[in-house]
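The shown structure was predicted, so the numbers you read here are calculated from the model rather than taken from an experiment. Just the heavy atoms: all of them, side chains too, but no hydrogens, waters or symmetry mates, feed the values below.
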Amino acid sequence: MSENLERAVSVHDLGPRTQRPRVALVNAGGHNINARFVLARLAAYLRGLEQGDPSVPGRLRQRVLVVPSGQPEVLPDEVLVQAGQAWHRVVLDTGCRGMDALPQVRLGARPSDDERASACLFGLPSVCEADDTHTDGHGVPWLEHLDGASGERYMVIAGHGEDLQPALCERLFRALIAFLLRVEAIQGIELADEEDDLHYFGSDQVFRFTSQQPGLFVFRQVPGQWLQAGDLLGYLYDEHDGTLLEELRAPVAGLLASLRRSPLVSEGAVLALIHRR
């Protein structure tokens, strides 16, 4: 693959080219500025390892494919084939439909035991399985190219798509480095022990809190909080005259995994995802 092509579509194929890629990391869409920044930084770091840069500690042991930007339809077929053949296929996405998401790993419905175990290697605070009714990743073009081959696939969901979130990016970068270390794609790096407590949630533990009427939602929590039933999530106002329509309170206790940031909501819109213990 030529350097000009790599630069044009932001594809970085690093490590021994004769190997099947150990890990493929792709940005779900151009709207995800956080993923774009983190994956570009990660590619630069891995390139330093590959080239033996003395200022970059560690060593790149296995092949890693990184795609900070570029939807599947504009990428060369060889990139799609290689990404689909990787042992570990990771898609970075934001919270959906205006949601701000706690950094978490989402698995498909009925994941394998290997996928359940590997999802914990990122060191992120939450791992959650999707169900058949609400399959995470709907509308993400990359997913069809990453299904089917032997190996494992995960979605790392974090933040929102409206702006760059530096603290979140640092957290994601660390999580990806931790994962690459634990699947032995890189070595010779030691991470300080700063990981969150891990909580694993089955598909039946995801509670979707929806709006019962249209209006303007003003949130009063941040993702990552542990809620008690009755805790205030925010307020819903009439979009035309500003009347307070409703105080919105958590109907169940659990981890606030995602919270809506886009204020204009319709009836039935998801305002929060709460992972129940």
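A side chain to side chain donor-acceptor pair (under 3.5 Å) with S118 is found for one member of R153, E152, R182 and no other, namely E152.
No side-chain heavy atom of D163 sits less than 4.5 Å from a side-chain heavy atom of I33. Using a 4.5 Å cut-off on side-chain heavy atoms (C-beta onward), Q104 and L124 make no contact. Looking at V156 and P103, their side chains never come closer than 4.5 Å, going by heavy atoms from C-beta outward. Here the side chains of Q165 and D100 are in contact, with some heavy-atom distance below 4.5 Å. Taking the side chain as every heavy atom from C-beta outward, T210 and L271 never approach each other to under 4.5 Å. Within the 4.5 Å cutoff, the side chain of L14 has heavy atoms near those of the R47 side chain. Side-chain contact between R36 and C169 is absent, with no heavy-atom pair separated by less than 4.5 Å. Side-chain contact check for L65 versus V23: every heavy-atom pair is 4.5 Å or farther apart.
If you chain together hydrophobic residues whose side chains sit under 4.5 Å apart, F201 and V270 never meet in one group. Follow the hydrophobic side-chain contacts under 4.5 Å out from L60 and you reach I177 in the same cluster. Residues L273 and F217 do not share a hydrophobic cluster, defined by chaining ILVMFWY side chains whose heavy atoms lie under 4.5 Å apart. Both V64 and L42 belong to a single network of hydrophobic side chains, linked directly or stepwise wherever heavy atoms of I, L, V, M, F, W or Y lie under 4.5 Å apart. V91 and L102 sit in two unconnected hydrophobic clusters of ILVMFWY residues. Membership requires side-chain heavy atoms under 4.5 Å apart, directly or through other members.
Between H275 and W226, the ring center distance fails the sub-6.0 Å criterion. A ring-centre distance under 6.0 Å is not found for F219 and Y235.
For the atom pair CZ (F37) and CG (L172), the distance works out to 11.0 Å, reported to the nearest 0.5 Å. Here the CZ atom belonging to R220 is positioned 11.5 Å from the CG atom belonging to L248, to the nearest 0.5 angstrom. For the atom pair L92 CG and N34 CG, the distance stands at 9.5 Å (nearest 0.5 Å). For the atom pair L259 CG and F209 CZ, the distance stands at 10.5 Å (nearest 0.5 Å). Interatomic distance, CG of L216 versus NE2 of H240, reported as 9.0 Å (0.5 Å rounding). Distance check: L198 CG to C120 SG gives 4.5 Å after rounding to the nearest 0.5 Å.
Summarising the geometry of L176 relative to L25, their closest heavy-atom pair is CD2-CD2, 3.7 Å, with the distance given to 0.1 Å. In terms of heavy-atom proximity, G202 sits nearest to C128 at O-SG, 4.5 Å. Taking all atoms of both residues into account, the shortest heavy-atom contact from V66 to P68 is O-CD, 3.5 Å. Contact between R116 and Y200 at its shortest, heavy atoms only, is CG-OH, 2.9 Å. Of all heavy-atom pairs between R260 and A269, the closest is NH1-CB, 4.3 Å. Of all heavy-atom pairs spanning P223 and A101, the tightest one is CB-C, 4.1 Å.
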**Request:** Evaluate side chain to side chain contact (heavy atoms under 4.5 Å, CB included) for V56 paired with Y45, printing each intermediate quantity in order.
**Result:** CA-CA 7 Å; V56 182; Y45 180 81; 3.4 Å; yes
**Request:** Report the C-alpha separation of V265 and L236 in whole Å, then their side-chain angles, then the decisive distance to 0.1 Å, and conclude whether the side chain to side chain contact (heavy atoms under 4.5 Å, CB included) test is met.
**Result:** CA-CA 9 Å; V265 301; L236 190 69; 3.7 Å; yes
**Worked verdict on H160 versus M99 for side chain to side chain contact (heavy atoms under 4.5 Å, CB included)** = CA-CA 6 Å; H160 59 90; M99 306 290 282; over 6 Å; no
**Full working for salt bridge (charged side-chain N to carboxylate O under 4.0 Å, His left out) between R17 and E50** = CA-CA 12 Å; R17 301 299 196 273; E50 181 182 43; 3.4 Å; yes
**Request:** Could you please spell out the steps behind the side chain to side chain contact (heavy atoms under 4.5 Å, CB included) verdict for L255 and S126?
**Result:** CA-CA 9 Å; L255 177 66; S126 176; 4.0 Å; yes
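In this structure, the side chain of R106 does not engage the main chain of E129 through any donor-acceptor pair within 3.5 Å. With hydrogens and angles ignored, the 3.5 Å screen pairs no side-chain donor or acceptor of N27 with any backbone N or O of V67. In this structure a side-chain-to-backbone donor-acceptor pair under 3.5 Å is missing from Q225 to L256. No side-chain donor-acceptor contact under 3.5 Å links R22 to the backbone of H88. Remark: the backbone N or O of E115 is paired with a side-chain donor or acceptor of S112 at under 3.5 angstrom. Side chain of D93 to main chain of I157: no donor-acceptor pair is present (N/O by atom type, distance under 3.5 Å, no hydrogens or angles). Although no hydrogens or angles enter the test, the distance criterion places a donor-acceptor pair under 3.5 Å between the side chain of Q221 and the main chain of L232. Judged by distance alone, with hydrogens and angles left aside, the side-chain atoms of Q85 form no donor-acceptor pair with the main-chain N or O of P21 at under 3.5 Å.
With 3.5 Å as the limit, one finds a donor-acceptor pair spanning the side chains of T243 and D241. Using a 3.5 Å distance cut-off with no hydrogens or angles, the side chains of R61 and Q187 do pair a donor with an acceptor.
Using the six-membered ring where Trp is involved, F179 and F122 have ring planes that are parallel, under 30° apart on the 30 and 60° scheme.
The number of heavy-atom neighbours closer than 6.0 Å to CG of D77, taken from other residues, nucleotides and ligands shown, is 12 or below.
For the pair R63 and W87, the cation does not sit on the ring face, since its NZ or CZ is not both under 6.0 Å from the ring centre and inside 45° of the axis.
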